[in-house]
Structure formats: C-alpha cells, structure tokens
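As structure tokens, the structure follows; a few thoughts come after it.
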Amino acid sequence: MWGGRFASGPDAIMEAINASIGFDKRLAAQDIEGSRAHAAMLAATGIVEGSDAEAIREGLLTVLSEIETGEFEFSAALEDIHMNVEARLSTLVGTSAGRLHTARSRNDQVALDFRMWVRDQCDALDEALVSLMQALLEQAEAGADWVMPGFTHLQTAQPVTWGHHMLAYVEMLSRDLSRCRDARKRMNECPLGAAALAGTSFPINRHMTAEALRFDRPTANSLDSVSDRDFALEFLSTASICAMHLSRLAEELVIWSSAQFRFVKLSDRFSTGSSIMPQKKNPDAAELIRAKIGRIFGANVALMTVMKGLALTYSKDMQEDKEQTFDAADNLMLALAAMDGMVRDMVPQQENLRAAAASGFSTATDLADWLVRVLGMPFREAHHVTGSLVAMAEAEGVDLPELTLAQMQSVNGEITEDVYTVLTVEASVASRMSYGGTAPEQVRNQIARWKDLLEVS
Ligand code: ARG
C-alpha cells in the first residue's frame, strides 16, 4: 500500500508485531458496511463516478460473502482487515477499487468499524440484561412472601423476603442497563470522514454516511474522531460493573447451594460432578461467572492504560484497543447467558429458607422495636434489654419466641403477652412496610412496577 515510499518490505518480527488481522477480522462486517456507505456517498457527491461506486459496492458484497463462508484468505502481510478487504476488492473489480479510499483514511475507518462493533455489543448487552431481569422477576414473583434470612457481614440480621432479595438484583441490573443505553447514546456519532486527522478537501457529505450507518449525527471534531476510544472504555466500565454484579449473585448461588445452606437447588444443566467424589454436585457455572470479572475489569484497566498520555491524534498504540474488548464482551455475554439459565432453572427451597430465617435470633430488632413502641422505652435501652433476652435464649438453647413470659419479665417486668405477636418471622417481614422495605405488600408493588417496565405479562 505504501510501495511508493519504501524500498524494502518489513522484517518478519515487524510483521508479527504490526499485524492486527488475527483479531480485527472480527470487524469485517462493520468494515464492509462502512465502505459501502462511503462509496455511495462518494457517488452521490460526484467525487467518484456512479459506475465505479456501484462496482465497488457490489464487489464488497462478494468479499463479505467470501468472508462469511470462510473461503476468504486473510493475509498478515496485508496487516489488518481494512487492507485485506481492499486488496481482495482490487482483484475482484480492478482499478476502480482504488477510488474507494478517496477522502478516507484507515484512521477514521478503524474508528468507525470499532465503534459500530461496540455499538452492536451494547445492543446485545441490552437484550441479555432485560432477559436476566425478567428471569429474576419471575423468581421474585413465585416467592414474593417467602421468608429467608437477610444478612449483614454474612451473619443473620433480619428476616427478609425471597422476592425482595431477587428484586435487589433486578435493581442493580437495571442500572447496568441504564449505563449501557446511556453509553450507546453517547457513542452514536459517526467518525467517518474525519480522514487521517484533519478532515478532507473533497466535498464529502458526512451527514449522509452518518445516517446510512444509523448514527444520530457525524462527530464534530476530526482530531477527536480518530483519537479517542472513550466509547469502548464506557462499554468496558459498564461491562465491569455488570460483571461485578453478576459475581455477587454467583457467589450467593455458590453459598446457597451448599449442603450447609440448602437455600436453592441448582439444575444439573448448570452443575458438574466430581471425578472422585460421587456425591458431589458442583456449581461450576456460578464459580466461573464469579471469576469473569477478572478479565473484564482487566480489559478496562488495560485500555485505560493504553490510552493514558497519548498525544493527539491517532497512534498505533490504539490498535491494542480491540483484542481485550472483544474478549471482555464475549465473556460478559457468556456469563449473562449462563446466569440467565441458572436463575431460570434454580429451585428455591422455601422450607429451608424459612427455617434459616427463624434461627439466629433474627427477630431481635422486632422485639426491641416493640419495647420502644409499646412500652415507650428509649431505643438504646430497648437494645440493651433485648440483648439480655438474646443472651438468656442462647444460654437456654432456645429461640426468642420460645422464652416464657416469666423469663421475659425477669429481665423487664413490663413486658406482656402481646410481645409474642412480633416475634414470628412472618410478622417481622410484614411489618417492614416502609417504601422499598421487605414486606410482601411492598415487594408485590415493586414486582408490578417492574413487570410494567419490562413488559412482562
Ligand atoms: N489496524 C489499525 C488499528 O487497528 C488500523 C489503523 C491504522 N492506521 C495507521 N495509520 N496505521 O488501529
């Protein structure tokens, strides 16, 4: 491509470090779509003859089908996807192929291709998140009022409802979804036509190509257009936060499916056995989802580090933007698909959840609240009295509701029979009626809201 200036070809090592075709062939569809729009614009503006542009556009379709069927031969000597496609186009249509690169550079070309690829990933992520939210919503609805222990420090804290816990993840994923849509909106400007860096002297129509490629508008600064990759960084940071959320749900599934908890049964479809211990059923999918954050956040850090300190505009450093972004996107989509399947298949164990909720003095706060509400005790004192009752129950080896009234009154004489109404886990959750609280009534309101938003019937 630059034989005019060079006397010798590159060293083999140079070719190895320089070529990106091994990975950027994934941009083939975007590259060809962008080139076809560019050719149509060159014809419409009279920069290139209509017949040449038509030959180019047709030839590009042939190249695309050769790539899709696997007959295309990629060449490392041709460096990247852009030059591989163009070289093949020359063979197919002859000299008119050479007119395609008028008013364009590989710098705006790669900025376009990669941006379109990341934009497609945003759409895929959007769809996967909505599906997982729907799966969680179904779980929430099935057990809106099932009682389970709520934890802080992974110690039993207060009884909560299964539906409430499922909806906590729906909320988290909804923010991932909102970040994804927000990033997509911001990246949806077309860099094509920025050319190498300064724009072009040809009378191009950037609005035309932007529209043909489904962008909201062309980018407004040619230097910025070829030199930033913040759209990919926004995708990767959204992906990192989402992977972090998935890792937390995955961790809970690992804990909940253990013999010590037995909160859920995971399906065989997402578990594996052990080659030596016949009784084992391991939550491998959950463990791998838990681990995916490593490479996804790694990609985010890697690209941020690549971009840091680069003087404007394009530098070859930026070729390092793709591989890890591809890897992060692939693995996030895989993790989401696996989580989707696990959530849909898992069977929560209602009895075990309730039994766990009722142990560990989980209604101690309800007892303290009763002392405040009925006896008018300051909360700090109520906390102290309740602490003594918990210590007594622990020493007796019983739970709070099993203490006799006489035992309670030995700690505080004013306690009456009425206290027992607040000590069951059902009463405890039902009383948490504050907006966003765990009461089944509140949870059902939130389920209705989410069904509306996610258009689930
Ligand atoms: N393969 C290159 C990349 O991914 C394409 C752009 C090359 N531009 C250049 N001036 N060398 O960044």
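Because the structure is predicted, anything quoted here is derived from the model rather than measured. Start at 1 and go down the list; that is how both ligands and their atoms are numbered.
For ligand 1, the polar-atom distance check against H82 finds no nitrogen or oxygen pair separated by under 3.5 Å.
Near S20, with a cut-off below 4.0 Å to any heavy atom, the atoms of ligand 1 are 1 (N). Close approach to D80 involves these atoms of ligand 1, each under 4.0 Å from a residue heavy atom: 1 (N), 2 (C), 5 (C).
Contact detail for L92 and V63: the closest heavy-atom pair is CD1-CG2, 3.6 Å.
Under 3.5 Å, the side chains of E189 and T219 contain no donor-acceptor pair of N or O atoms.
Here the protein heavy atom with the shortest distance to atom 10 (N) of ligand 1 is N107 OD1, 3.0 Å. If you check which protein heavy atom lies closest to atom 4 (O) of ligand 1, you get K322 NZ, 2.6 Å. The protein heavy-atom contact nearest to atom 11 (N) of ligand 1 is R106 NH2, 3.4 Å. Of the protein's non-hydrogen atoms, Y314 OH, 3.4 Å is the one closest to atom 6 (C) of ligand 1. Protein heavy atom closest to atom 2 (C) of ligand 1, with residue, atom name and distance, is Q319 OE1, 3.2 Å.
The only member of Q139, H245, E252, R248 that meets side-chain hydrogen bond (donor to acceptor under 3.5 Å, both in side chains) when paired with Y169 is E252.
A centroid separation of 6.0 Å or more is found between the aromatic rings of F263 and W162. Taking the ring centroids of W146 and H164, they lie at or beyond the 6.0 Å cut-off.
Between R444 and E441 there is no salt bridge, since no side-chain N of the basic residue sits under 4.0 Å from a carboxylate O of the acidic one.
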